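Bear in mind the structure is a predicted one, so any value in this text is a computation, not a measurement.
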There are 2 protein chains.
Amino acid sequence: MANATRRRNVGQISGESIVIEAAWMYYNDGLNQSEISQKLKVSRATVVNYLQEARARGYIRISLAPEVFTGHQLAQDLREKFGLKAAFVLPGGNCSEEERLMRVARGAADWLPSLLNPGDRLGVAWGRTVYEVAEAVEQVKMDDVTVSQLVGSMATPYGFTAEICSAHMAQNLGAKCINLHAPAVLSDPVLAAKLRQEPIIRAQLDALSHCNKAIFAAGSCDPDSHIVSSHVASDKDLDWYVKQGATGVLCGRFIDAQGQPIPGELDDHMIGITLDKLLGLDVGLLVSDGASKVAPMLAAIAGGYVTHVVTSNETAQMLLDAAS
Amino acid sequence: MANATRRRNVGQISGESIVIEAAWMYYNDGLNQSEISQKLKVSRATVVNYLQEARARGYIRISLAPEVFTGHQLAQDLREKFGLKAAFVLPGGNCSEEERLMRVARGAADWLPSLLNPGDRLGVAWGRTVYEVAEAVEQVKMDDVTVSQLVGSMATPYGFTAEICSAHMAQNLGAKCINLHAPAVLSDPVLAAKLRQEPIIRAQLDALSHCNKAIFAAGSCDPDSHIVSSHVASDKDLDWYVKQGATGVLCGRFIDAQGQPIPGELDDHMIGITLDKLLGLDVGLLVSDGASKVAPMLAAIAGGYVTHVVTSNETAQMLLDAAS
DNA sequence: GGATCACTTTGACAATTGTCAGCCCTGCGT
DNA sequence: ACGCAGGGCTGACAATTGTCAAAGTGATCC
C-alpha cells in the first residue's frame with residue numbers, strides 16, 4: 001500500500017493532488033463535472049470519483065453559518081430575556097423528540113469549537129445530551145484545551161457515563177483530558193469523604209475549580225429521569241428532593257426553581273463539582289431540548305449557571321412563554 | 001418589507017426559518033430534495049428555491065480543508081527549507097498565469113482569516129496580487145482587527161492602489177482601517193520629509209510600527225513591473241537599482257538577493273513603511289506566484305520578512321529548485 | 001368589489017450528478 | 001510467459017437537481 005505504484009492519470013498533474021485539483025475546480029471555480037473532465041482529460045465518471053474521494057477524506061467542509069442560529073429572532077429574545085451572552089436556536093420542525101435532540105446536540109457540537117480558545121479548561125458534565133454532543137463534535141485540533149470530567153462515574157445502563165462523555169469530547173476536540181477516577185455516588189458518606197481526600201482525587205477535584213468554561217444539560221425530576229435510571233438517586237431520593245422543591249438537576253445536584261442547590265443527603269455521597277463552582281464562568285453552555293426540560297432549564301438559568309444556550313425552536317418558544 | 005406579511009407556507013414552521021430548516025435537512029441530515037419536500041409538504045421545486053436562497057444568503061459555507069494546502073509535500077518542503085511557520089500551496093494545474101494568480105489570491109483570502117486573532121493589526125501592502133486577495137476575502141466579522149495601509153497611494157493605472165487594497169481588505173474583514181493619506185512617492189524629498197512630519201501622517205506612520213502582522217507580495221524588477229507602470233519608480237530608477245543588485249521589490253522598496261534594502265535616492269521620496277519594521281512580525285504573509293516572482297520571493301524570504309507563504313504548486317517547485 | 005402588484009409556489013422539462021458492471025492497465029507469483 | 005489480483009478508469013443508464021413559464025395568493029389601492 002505504502003509504496004505501491006499508483007498511476008492516477010500518468011503524465012498529468014503530480015498525481016495524488018489531482019483529487020484536490022478537481023475539488024478546487026468544482027467548489028471554488030464553480031466548474032461542473034463535464035468541464036472538469038475536459039480540463040483534466042479524464043472521463044466525467046472519474047471526476048465523480050475524485051470528488052467523492054475528496055469528500056470522503058474530509059477535504060470538503062460544508063457547514064451552516066452559525067450566525068443564522070444565534071442571530072434570528074428567538075435566539076435574540078432568549079438572549080435578552082435571560083441575560084445570556086448568546087443563544088443558538090435550531091430548527092426542530094416536525095421532528096420527533098429524539099430527532100430534535102440529535103439536532104440540538106449536533107448544533108452544539110458545531111458551535112462549541114468557536115466558543116473555545118487556547119488555554120481554556122472545559123468542564124464536561126454527563127447525560128444523554130452531553131454524550132451526543134461529544135459524539136457529534138467534528139475532529140478538530142484545538143491547541144491547548146483541557147477537558148475535565150465534572151462529576152464522577154456512574155452505572156448508567158446506556159453507555160453515557162461521565163467518563164465517556166468527557167473522554168470522547170476530549171478525543172474529538174484534540175484536547176487533553178482529566179478524568180475523575182471515582183464513582184459519582186458512594187453508599188457511605190464517610191467513604192466518600194475519605195475518597196475526596198485521596199491525593200489523586202483531590203488533585204482532580206482541584207482541577208475542576210480552574211475550569212473557565214463548562215458544558216452541561218438540564219436534567220428533569222421526572223421519575224423516568226436519567227438521574228434515577230443511572231442510580232445516582234433512588235426513587236425515594238427523588239421524591240424527597242421534589243418535595244423540597246427540586247425543579248431540575250444540574251451536574252447531579254438538585255436545584256429549585258430559582259436555581260439554588262437543595263441541600264440534602266446526597267451531597268455527602270457524591271463526588272463531583274459543586275454548583276457554586278459553576279457560577280461566574282466565561283461560558284456556561286446549557287444544551288437541552290424538550291418540553292420536560294423547560295422547567296429545569298429555567299431553573300438553571302435562574303441560578304446564574306448559564307451564559308450560552310443551545311436548544312430547538314420549539315423549546316426556545318416554550319422557555320419564552322413560560323417566563324413571560 | 002419590515003412588517004409586510006410573508007406567507008411562506010402558512011401554518012407550518014415559523015415561516016422565515018423554513019429556509020434554514022430545508023438547508024439543515026439537506027446539508028446536515030443528508031436528505032435529498034424529494035424527501036425534504038415531503039416532510040415540508042411543499043413541491044420539490046420549492047425546496048430548490050429554499051436551498052438557493054440559503055446559499056445566496058450565505059447560510060451555507062463550503063470550503064476546502066486548509067490542512068490540504070498546508071499539509072502536503074511541497075508545503076512541508078517549503079516550510080523546512082526556508083524556515084517558515086507555514087506554507088499554503090495551491091494546485092495550479094494547467095492554468096494560465098492569470099488563472100493561477102487568481103487561485104493563489106483566493107487561497108490566501110481563504111487562509112487569512114484563520115491567521116488573524118482579535119487585537120491584531122494587519123499591515124496591507126499593495127499591488128495586483130494583494131488587491132485580488134482583498135477582493136477575494138469572504139465577508140466575515142473579525143472582532144477587533146485593524147488594517148493599516150503600509151505605503152502611500154500611487155497613480156497606478158489599474159485601480160489597485162494601496163488605499164484601495166487596504167480599504168477593501170478592511171471592508172471584507174469587518175475590520176477598522178487606518179489609511180495613509182499621502183502619496184507613496186513625492187518628487188521632492190524635502191516635501192516628503194515635511195509631509196512625514198505632519199501630525200496626521202506622522203500618527204499614521206506611527207501606527208504602522210504597531211502592526212504585528214502583514215500581507216504583501218514580492219514585486220519583480222522587470223521593466224514591465226508594476227513598480228514602474230505605477231510611477232513609483234522610473235525606468236531610470238529601476239535600471240540604477242538593478243545595477244546595485246536589486247532582485248525584488250517589497251512594499252515599494254528595492255531589495256537585493258539577500259533581502260537587504262538597497263539604499264538609494266527613492267528612499268527620501270517615499271512615504272510608507274520601512275523594511276526594518278517588517279522584521280520580526282508574528283505573521284509576514286507573502287502571496288505571490290509565477291516564474292518572474294521566484295527570485296523576488298527568494299529575496300524576501302532571505303531577508304527574513306516572511307513567515308508564511310501562499311503560492312502555487314508550480315512556483316513552489318521553482319522556489320525549491322532554485323534554492324537547492 | 002375588483003384590479004393590481006409583488007411575491008411564492010408549482011409542474012414539466014433540461015441539465016447535472018451518481019451508480020455500476022466491465023475494461024484496462026500494472027505488478028506479482030508460478 | 002502466463003494467469004491472476006487489484007486498483008483506476010470508463011460508458012451507459014439511473015437518480016437527483018436546476019430552470020422557467022405559468023398559476024396561485026394575499027395585501028393594497030382605487
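- Atom OH in A:Y27 sits about 13 Å away from atom C1' in C:dT16, given to the nearest Å.
- A straight line from CG of B:L40 to C1' of C:dT8 spans 14 Å, rounded to a whole angstrom.
- Between the CZ atom of B:R55 and the P atom of D:dT19 there is a distance of 9 Å, given to the nearest Å.
- Considering all non-hydrogen atoms of both residues, A:A105 and A:E132 come closest at CB-CB, 3.6 Å.
- As rounded to whole Å, 12 Å separates atom P of C:dT16 from atom CD1 of A:I36.
- Residue B:S43 places none of its side-chain N or O atoms closer than 4.0 Å to OP1 or OP2 of C:dT9.
- The CG atom of B:N49 sits 10 Å away from the P atom of D:dT19 (whole-angstrom rounding).
- When the P atom of C:dT19 is taken as reference, atom CD of A:Q52 falls 5 Å away, rounded to whole Å.
- Protein atom CD of B:Q33 is 8 Å distant from nucleotide atom C1' of D:dG18, rounded to whole Å.
- Here the C1' atom of nucleotide D:dT19 and the CG atom of B:L51 are 15 Å apart, to the nearest Å.
- Under 4.0 angstrom from either OP1 or OP2 of D:dT17 there lies at least one side-chain N or O belonging to B:Y26.
- Two residues are said to be in side-chain contact when any heavy atoms from C-beta on lie closer than 4.5 Å; A:R61 and B:I62 fail this criterion.
- Considering only side-chain N and O atoms, A:Y50 lies under 4.0 angstrom from the phosphate OP1 or OP2 of D:dC9.
- Each of C:dT10, D:dT17, D:dT19 was ranked by its minimum atom distance to the side chain of B:T46; first place goes to C:dT10.
- Between B:E67 and A:Y59, every side-chain heavy-atom pair lies at or beyond the 4.5 Å cut-off.
- Distances shorter than 4.0 Å separate none of the side-chain N or O atoms of B:R44 from OP1 or OP2 on D:dA15.
- Using modelled atom types, one finds a donor on one side chain and an acceptor on the other under 3.5 Å when comparing B:D77 with B:Q73.
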